[in-house]
Amino acid sequence: MNYHLRYLPLPDVTEGMVLGAPLSIAEKGVISFSLPEGHSLTETNLQQMKIRHAEFVCVREEDTRSDDERANAWAQTEARLQRIFRAADLRQPVMANLYEAVRAYRRT
Amino acid sequence: MVLQLTDQGIIERSKSMPAFPKVVTEIIATLDDDGATLGALVHHVERDPVITARVLSIANSAAMAGHSGSDVHDVRKAVSLIGLQKIREITLAVSLAEFAHGCRLASYFWEHSVAVGICALELARFTHQPSGYALVAGLLHDIGQLWMAHFHPLEFQMVRSAVSCGTEGINDIERRYFGVDHCHIGRLLATHWGLPPAVVDAIYFHHDPDQGLGESLVAITHVAEVLSNALDLTGRDGNMVANMSAAACEKLGIDWSQDLGPLFGRIEARTEYACRVFR
C-alpha cells in the first residue's frame, strides 16, 4: 500500500482522516492537546482542535494511483520545479540544497 | 524611454494613493509591549468599521467554526477567544488587504505578499529569530511594485512580461524602465509612512540581502520570498527562483539538508487558507 502526506488547512480536514505525523497543540507554552501518528480523526477530535485554534493538520492518504499515473504526476511535478529554478545556478551549494529540499518534500 | 523619477516626486505622488492604514503603524508601534496592547489594539481596530467587520468575520470563520457558542460580535471577545497575537495578525493582513484593494491591485500581488508574509513568520519561528515584524515585512516587501503598478501600469506590465519571459533579475529590468527598482521605491514609502528601520531595511534589501545582514529581518524576508517561489505557493506561471544568499541562510542557521517537510507543509497549508480567506 502506498501513502502520501498532505498538510491541510483545518477546514479541509474531515472525520476519518488519518494523522500523518503526531499532533500537539501548545497553549502558552504548555501542550494542551496531542494525538499520535496514525490516529483516525473523530468529529470530537476536530471540535477539540477548532476550540484550540489549530490551523492545519498533516494527514496520511492512501495513494490509489497506478505506477504509471504516479510516474506521470511526478514527471509533471519535476518539470514544474525545473521551470521555477530555470534561472538558478544549481552548481552553487545553497541553490542545489534548496532545490533538493523542495524536491524531497514533493516526493512525500 | 526611461522614466525620470525623483525621490521627492515618488513621495509626492504616493499622497494620491489611498491612505496607508494608520492601524498598521499603530500596531507595529506596540508590538513589543504585550502588556499594553490589548486595550490599544481594540481601540485602534474599532475606529475603522470596515476593518472591524472583516476582522470579526475572519475571526468567526477561522476560529469559531463548529464551536458551540454564539458568534464573536466584538473585538475584545475575539481577542479573549482567539488570542492577541492572532487578532493582531488578522488585523494587519486585513488592513493591508484593504489598502491593496483600494490601490486596485491585481489579486496575484496580494496573494504573493500573503505567501511571503506567512513564510517569513514561519521561518522566524523555525529559526528562533524575533518574529514580531516578520509578517509585516513579508506583507510589505513589494510595496514599491504597488506604487509602480498604480502610477505607471504600462511600464509595470512590460517589466512583468520581461521577467516571465527571461532570466534577467527583476531589479535590473525595472531600472531599465523606471530608472529605479521597487526596493528603492519601497524604502522611500516605508520611511515616509514611519515604519520601523528593521522593516524599511527588509523592504530595501530583500533582493540583495548581503548588505543588510546586520538585521535578521532582512535575511528572513529574503529567504521567505525565495521559498515562497520555490514552493510555488501562488501557482503563478511567473514564479521563479534565481538566487538565494548563502550568507542570509547562514545568518538564520538554516540547514537545507534536514527534513523540512513539516515547515514546508505548515507554510503551504497556512498560505492556502489565508489566500482563501482574503480572496
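Lettering follows sequence order; numbering is per chain, from 1.
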Inset, instruction - Indicate yes or no: does B:Arg175 engage B:Glu168 in a salt bridge with an N to O separation below 4.0 Å. - result: no
Legend entry - Sidechain N-carboxylate O distance under 4.0 Å for B:Asp210, B:Lys251: no
Inset, instruction - Name the region of B:Leu260, side chain, backbone, both or neither, that has any atom closer than 4.5 Å to a heavy atom of chain A. - result: side chain
Inset, instruction - Heavy-atom pairs under 4.5 Å with chain A are the metric here; pick the option from B:Gly169, B:Ala230, B:Cys249 that has the most. - result: B:Ala230
Inset, instruction - Please state whether the side chain, the backbone, both or neither of A:Glu100 comes within less than 4.5 Å of a heavy atom of chain B. - result: neither
Inset, instruction - With a 4.5 Å cut-off on heavy-atom pairs, point out which of A:Cys58, A:Ala104, A:Ala88 contacts chain B the most. - result: A:Ala88
Inset, instruction - In plain terms, say whether A:Arg65 and A:Asp63 are close enough for a salt bridge, that is, a side-chain N and a carboxylate O under 4.0 Å apart. - result: yes
Inset, instruction - Could you check B:Arg270 against B:Glu89 for salt bridge (Lys or Arg N to Asp or Glu O under 4.0 Å), going step by step and ending with a plain yes or no? - result: CA-CA 13 Å; B:Arg270 289 196 70 191; B:Glu89 289 173 14; 3.4 Å; yes
Inset, instruction - Among the options B:Glu250, B:Met244, B:Gln258, pick out the one with the most heavy-atom pairs lying under 4.5 Å from chain A. - result: B:Met244
Legend entry - Side chain, backbone, both or neither of B:Asp255 within contact of chain A (heavy atoms, under 4.5 Å): neither
Inset, instruction - Quick one: which of A:Leu5, A:Thr108, A:Val102 has the most heavy-atom pairs under 4.5 Å with chain B, could you say? - result: A:Val102
Inset, instruction - Please flag which part of A:Asp12 lies under 4.5 Å from any non-hydrogen atom of chain B: side chain, backbone, both or neither. - result: side chain
Inset, instruction - Might you confirm whether atom CZ of A:Arg6 has over 12 heavy atoms from other residues, nucleotides or ligands at distances under 6.0 Å? - result: no
Legend entry - B:Tyr133 and B:Glu215: side chain donor to acceptor below 3.5 Å: no
Legend entry - Under 4.5 Å from a heavy atom of chain A, the part of B:Ile254 involved: neither
Legend entry - Per-residue contact mode, A:Leu10 against chain B (heavy atom under 4.5 angstrom): neither
Inset, instruction - Give a yes-or-no answer on whether the side chains of B:Ser257 and A:Asn97 include a donor-acceptor pair shorter than 3.5 Å. - result: no
